[in-house]
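See structure below.
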There are 2 protein chains.
Amino acid sequence: MKIVSDKVSGVKKRFTNLCYGFFSTLANPTRLAIIEKLDEGPMNVTGLVNTLGQEQSMVSHNLRPLVRCKLVNVRREGKQRVYSLNHETLDPIVKSVELHAEKFCEGGANCPLKAKSEAS
Amino acid sequence: MKIVSDKVSGVKKRFTNLCYGFFSTLANPTRLAIIEKLDEGPMNVTGLVNTLGQEQSMVSHNLRPLVRCKLVNVRREGKQRVYSLNHETLDPIVKSVELHAEKFCEGGANCPLKAKSEAS
DNA sequence: TATTCTAATGAAACATTCTTCATATGAAGA
DNA sequence: TCTTCATATGAAGAATGTTTCATTAGAATA
């Protein structure tokens, strides 16, 4: 992960680094899909691979940043590793995003948040 | 902005697209610096250019996604455009991120959220 | 309307991040 | 310990995103 440089002056680097690390971890479709799945309950890598239809290495690669930022927890169970959500952090944040979309996004063509969003 | 593809199966595309659009807008140091500045109050482009020490085109380019996602508002004022934060959305989210860092990040070398964060 | 000030835009160069493929590690069981 | 199952890791190519430079657009004012 790129560390915020000194190019931007006059701001607290702590804030920028903190938020940048956090948000860029979440700014990825595969990781968001993993989060959505884990919201239903803890699951091991093979479980995620099967329900998401993604390659095993892809799932592992994407789990790493989630764990590193403590958005997801792991525990060993024999050969397997069971991943679970940090609901304490994620629940309120996801709720905020949903609320924002309801209030501020009309879903017009110029709105990337609501546009192209059919259920699936 | 890349629209989330169908490659990831078994998840709600709405959720993924919504969060992806939202978080990738925030996952950028320049945009976070703009947000931090605007938190002090509304400001025009030239103001941001001066306090951030960035090129005007850079500031404008980065303001666009923030406005598109309604994280920042604009109003015209003569020749100028005055930008301001959507506090209603941003305040609780930023608070959640700070809380997460306090609770879950020790700031060790393996923690990208707290590592390298000196005040500035 | 010519000029100046303020800000936005397009396109190319550059940088970062993702995805895939191949391989490695580690635990359990034969 | 050899094999198998479950997962992690490294590295290279592919895909996205960012930054810069040059140019354009709009509003105010002489």
Side-chain angles (χ1 to χ4, degrees), chain A residues 1-9 16-17 20-34 38 42-69 72-84 110 112, chain B residues 1-9 16-17 20-34 38 42-69 72-84 110 112:
Chain A
M1 180 187 309
K2 186 192 154 199
I3 289 290
V4 174
S5 74
D6 308 81
K7 289 177 72 184
V8 180
S9 68
T16 311
N17 270 315
Y20 181 67
F22 193 91
F23 293 129
S24 54
T25 299
L26 290 171
N28 176 288
T30 304
R31 294 197 284 275
L32 288 166
I34 289 173
L38 292 182
M43 199 178 270
N44 66 15
V45 178
T46 305
L48 289 167
V49 167
N50 292 335
T51 64
L52 298 178
Q54 296 288 101
E55 302 247 330
Q56 178 266 312
S57 67
M58 161 117 239
V59 172
S60 280
H61 274 306
N62 279 290
L63 280 165
R64 190 162 49 176
L66 289 170
V67 171
R68 201 180 27 181
C69 286
V72 157
N73 305 115
V74 217
R75 67 170 193 273
R76 263 204 156 98
E77 218 169 78
K79 305 182 199 176
Q80 302 169 202
R81 294 195 185 190
V82 180
Y83 289 85
S84 57
N110 57 339
Chain B
M1 180 188 305
K2 188 192 155 199
I3 287 292
V4 174
S5 74
D6 308 81
K7 290 177 71 183
V8 180
S9 68
T16 312
N17 270 314
Y20 181 67
F22 193 91
F23 293 129
S24 54
T25 298
L26 289 170
N28 175 289
T30 304
R31 293 197 283 275
L32 288 166
I34 289 173
L38 291 182
M43 199 177 270
N44 65 16
V45 178
T46 304
L48 289 166
V49 167
N50 291 336
T51 63
L52 298 178
Q54 297 289 101
E55 302 248 328
Q56 178 266 312
S57 67
M58 161 117 236
V59 172
S60 281
H61 274 307
N62 278 290
L63 279 166
R64 188 163 51 175
L66 290 170
V67 171
R68 200 180 29 179
C69 286
V72 157
N73 304 116
V74 216
R75 67 169 193 274
R76 261 205 157 97
E77 218 168 78
K79 306 183 199 175
Q80 300 169 205
R81 295 197 185 189
V82 180
Y83 289 84
S84 58
N110 57 339

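Below, chain A is the first sequence line, B the second, and so on; all start at residue 1. Small disclaimer: the values here were computed from a predicted structure and weren't measured.
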Query raised in the report: Between C:dC18 and B:Y20, is there an OP1 or OP2 to side-chain N/O distance shorter than 4.0 Å?
Result: no
**Report entry** Which residues share a side chain to side chain contact (heavy atoms under 4.5 Å, CB included) with A:V45, sequence neighbours left out
**Finding:** A:V49, A:Q56, A:V59, A:S60, A:L63, A:Y83
Polar atom pairs between nucleotides 5-11 of chain D and protein, under 3.5 Å, N or O only, would you list them?
{"unit_1": "D:dC5", "atom_1": "O4'", "unit_2": "A:K79", "atom_2": "NZ", "d": "3.2"}
{"unit_1": "D:dT7", "atom_1": "OP1", "unit_2": "A:V45", "atom_2": "N", "d": "3.3"}
{"unit_1": "D:dT7", "atom_1": "OP1", "unit_2": "A:R81", "atom_2": "N", "d": "3.2"}
{"unit_1": "D:dT7", "atom_1": "OP2", "unit_2": "A:T46", "atom_2": "N", "d": "2.8"}
{"unit_1": "D:dT7", "atom_1": "OP2", "unit_2": "A:T46", "atom_2": "OG1", "d": "2.2"}
{"unit_1": "D:dA8", "atom_1": "OP1", "unit_2": "A:Y83", "atom_2": "OH", "d": "2.3"}
{"unit_1": "D:dA8", "atom_1": "OP2", "unit_2": "A:S60", "atom_2": "OG", "d": "2.7"}
{"unit_1": "D:dA8", "atom_1": "N7", "unit_2": "A:Q56", "atom_2": "NE2", "d": "2.8"}
{"unit_1": "D:dA8", "atom_1": "N6", "unit_2": "A:Q56", "atom_2": "OE1", "d": "3.3"}
{"unit_1": "D:dG10", "atom_1": "O6", "unit_2": "A:H61", "atom_2": "NE2", "d": "2.6"}

Requested in this report: List for me each residue that meets salt bridge (Lys or Arg N to Asp or Glu O under 4.0 Å) alongside B:R75, sequence neighbours excluded, and say none if there are none.
Outcome: B:E77
Query - Nearest-0.5 Å distance, CD of residue A:Q54 to NE2 of residue A:H61 - result: 13.0 Å
Query - Whole angstrom value for the distance that separates P of D:dT16 from CG of A:N28 - result: 12 Å
Requested in this report: Apply side chain to side chain contact (heavy atoms under 4.5 Å, CB included) to B:N50 and list each qualifying residue two or more places apart in sequence or on a separate chain.
Outcome: B:T46
Requested in this report: Measure from CD on B:Q54 to C1' on D:dT19 and round the result to the nearest Å.
Outcome: 9 Å
Requested in this report: Give B:S24 one of three labels, base, sugar-phosphate or nothing, depending on what nucleic acid heavy atoms sit under 4.0 Å from its own.
Outcome: nothing
Query raised in the report: In Watson-Crick or G-U wobble terms, both distances under 3.5 Å, what is the partner of C:dC5?
Result: D:dG26
**Report entry** Distance, rounded to the nearest Å, where B:L48 contributes CG and C:dA7 contributes C1'
**Finding:** 12 Å
Query - For A:S9 against B:G53, the heavy-atom pair lying closest together - result: OG-N, 3.8 Å
Show me the donor-acceptor pairs within less than 3.5 Å that the side chains of residues 26-34 of chain A make with the rest of the protein, sequence neighbours left out.
{"unit_1": "A:N28", "atom_1": "OD1", "unit_2": "A:T30", "atom_2": "N", "d": "2.8"}
{"unit_1": "A:N28", "atom_1": "OD1", "unit_2": "A:R31", "atom_2": "N", "d": "3.0"}
{"unit_1": "A:R31", "atom_1": "NE", "unit_2": "A:T25", "atom_2": "O", "d": "2.6"}
{"unit_1": "A:R31", "atom_1": "NH1", "unit_2": "A:N62", "atom_2": "OD1", "d": "2.9"}
{"unit_1": "A:R31", "atom_1": "NH2", "unit_2": "A:S24", "atom_2": "O", "d": "3.2"}

Query raised in the report: Under 4.5 Å between any side-chain heavy atoms of B:L52 and B:M58, yes or no?
Result: no
Query raised in the report: A:F23 has an atom CZ; how far is it from atom C1' of C:dT17, in whole Å?
Result: 19 Å
Report summary line: Comparing A:R31 with A:R76, nearest DNA chain C nucleotide closer to 5' gives the residue A:R31
Query raised in the report: Rounded to whole angstroms, how far apart are CG on B:N62 and P on C:dT9?
Result: 13 Å
Requested in this report: Provide, to the nearest angstrom, the distance between the CG atom belonging to B:L52 and the P atom belonging to D:dT19.
Outcome: 12 Å
Report summary line: B:L66 atom CG is separated from C:dA8 atom P, nearest whole Å, by 12 Å
Query - For atom CE of B:M1 and atom C1' of C:dC18, their distance in whole Å - result: 17 Å
